[in-house]
Amino acid sequence: MGTYAVTGSASGMGRSVVDILVRDGHTVIGVDIKDADVVADLSSPAGRRTAAKTVLERAGGVLDGAVLAAGLGPAPGRDRSRLIGQVNVLGVTDLLEAWRPALARADRAKVVVFASNSTTTVPLVPKRAVRALLEGDVERAVRVLRVYGRAAPTFAYAASKIAVSQWVRGHAVTPGWAGEGIRLNALAPGAIMTPLLEQQLATPAEAKRIRSFPVPIGGFGDADQLAAWVVFMLSDAADFLCGSVVFVDGGSDAWFRAADWPRPVPARQLRRYVGRMKEFGAQRRASRTS
Ligand code: NAD
């Protein structure tokens with residue numbers, strides 16, 4: 001049986017993950033702003049530090065896995081874009097950086113980060129905002145997104161999920177993560193019936209937009225089913241899963257982007273591709289001699 005940290009443990013999909021893990025006999029350390037083993041506000045640096053430290057103390061310095069589900073949806077509000085950046089991005093990256101040594105101490109630890117299919121289905125998300133979030137500069141991202149006015153939180157949300165997805169893919173394959181035996185992946189749900197979605201459906205205009213959004217399989221996803229995907233991604237069956245973003249979204253991403261991925265490496269990226277081959281060879285030789 002393992003020890004797992006789960007953020008966003010008080011509600012929705014995070015809570016469903018906790019229920020399954022506990023039922024299966026694992027030890028779970030839940031983190032949330034309320035009703036959790038570790039109560040911490042992930043929108044502040046102090047809250048993130050408390051969460052990171054307290055979880056490590058409770059886990060005795062070894063984590064078999066982590067699920068980063070805490071997140072804010074794209075509701076309206078003046079400070080919303082800033083909060084989205086803080087919780088959805090830094091609430092993932094700050095915690096995972098702090099927990100990485102504890103994950104490395106376990107045998108084949110697994111991490112699942114909650115992304116979203118907003119990453120590929122929201123048009124015109126500015127790359128500059130994503131870059132700023134990846135650099136941890138939430139204020140810069142907020143400034144970039146100001147041009148969207150009242151719609152800024154929608155783009156902040158998509159940008160935050162693109163940033164964490166790219167962070168996962170970039171870090172998963174490095175010596176510090178894959179090299180230490182940690183499997184780092186992301187799950188990208190579509191619209192799932194949780195309090196987060198209920199909040200969006202409570203606004204008539206937003207409800208109309210959500211209900212008219214293409215979902216080929218129809219309806220909304222179920223939190224317990226999504227949690228089962230997470231638990232699968234934490235299991236031994238996921239030993240060979242590394243740096244993946246798994247879409248469970250009723251087909252919306254495929255509807256909009258069927259031809260975008262997979263696709264061949266374009267000629268203009270060939271030099272970079274060959275460079276990456278060489279880099280990998282050098283890393284492998286270095287790890288053999290160390
Ligand atoms: P939810 O609102 O039910 O749960 C989110 C949890 O995050 C809550 O318990 C909340 O208290 C916690 N949280 C929010 N702000 C926090 C803060 N400052 N500090 C600590 N905890 C905080 O939402 P959910 O739908 O279960 O979402 C889980 C994850 O899935 C989120 O990252 C969300 O962005 C993502 N997601 C949800 C959907 C959907 O349709 N529900 C779709 C795609 C992605």
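Indexing begins at 1, ligand by ligand and atom by atom, following the structure's order. In this text the structure is predicted, and so the values were computed from the model without any measurement.
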Engineer: Quick one: do D32 and R15 make a salt bridge, cutoff under 4.0 Å?
Structural biologist: no

Engineer: Between ligand 1 and L42, is the shortest N or O to N or O distance under 3.5 Å?
Structural biologist: yes

Engineer: Side chain or backbone, does S9 bring an N or O within less than 3.5 Å of an N or O on ligand 1?
Structural biologist: no

Engineer: Does the N or O separation between L72 and ligand 1 drop below 3.5 Å for any pair?
Structural biologist: no

Engineer: In plain terms, say whether R140 and E135 are close enough for a salt bridge, that is, a side-chain N and a carboxylate O under 4.0 Å apart.
Structural biologist: yes

Engineer: How close does the nearest protein non-hydrogen atom get to atom 28 (C) of ligand 1, and which residue and atom is it?
Structural biologist: A69 O, 3.2 Å

Engineer: Between ligand 1 and M13, is the shortest N or O to N or O distance under 3.5 Å?
Structural biologist: yes

Engineer: At under 4.0 Å between heavy atoms, is it the side chain or the backbone of S118 that contacts ligand 1, or both, or neither?
Structural biologist: neither

Engineer: For atom 9 (O) of ligand 1, what is the nearest protein heavy atom, given as residue, atom name and distance?
Structural biologist: D32 OD2, 2.6 Å

Engineer: Which residue owns the protein heavy atom closest to atom 23 (O) of ligand 1, what's the atom, and how far is it?
Structural biologist: L196 CB, 3.3 Å

Engineer: When you compare ligand 1 with S116, is there at least one nitrogen or oxygen pair between them that comes in under 3.5 angstrom?
Structural biologist: no

Engineer: Using distance alone, decide if ligand 1 has a nitrogen or oxygen within less than 3.5 Å of any nitrogen or oxygen in T194.
Structural biologist: yes

Engineer: Strictly below 4.0 Å, N to O, side chains only: are E97 and R100 in salt-bridge contact?
Structural biologist: no

Engineer: Before accepting this row, confirm whether a basic side-chain N of the pair K53/E57 lies closer than 4.0 Å to the acidic partner's carboxylate O.
Structural biologist: yes

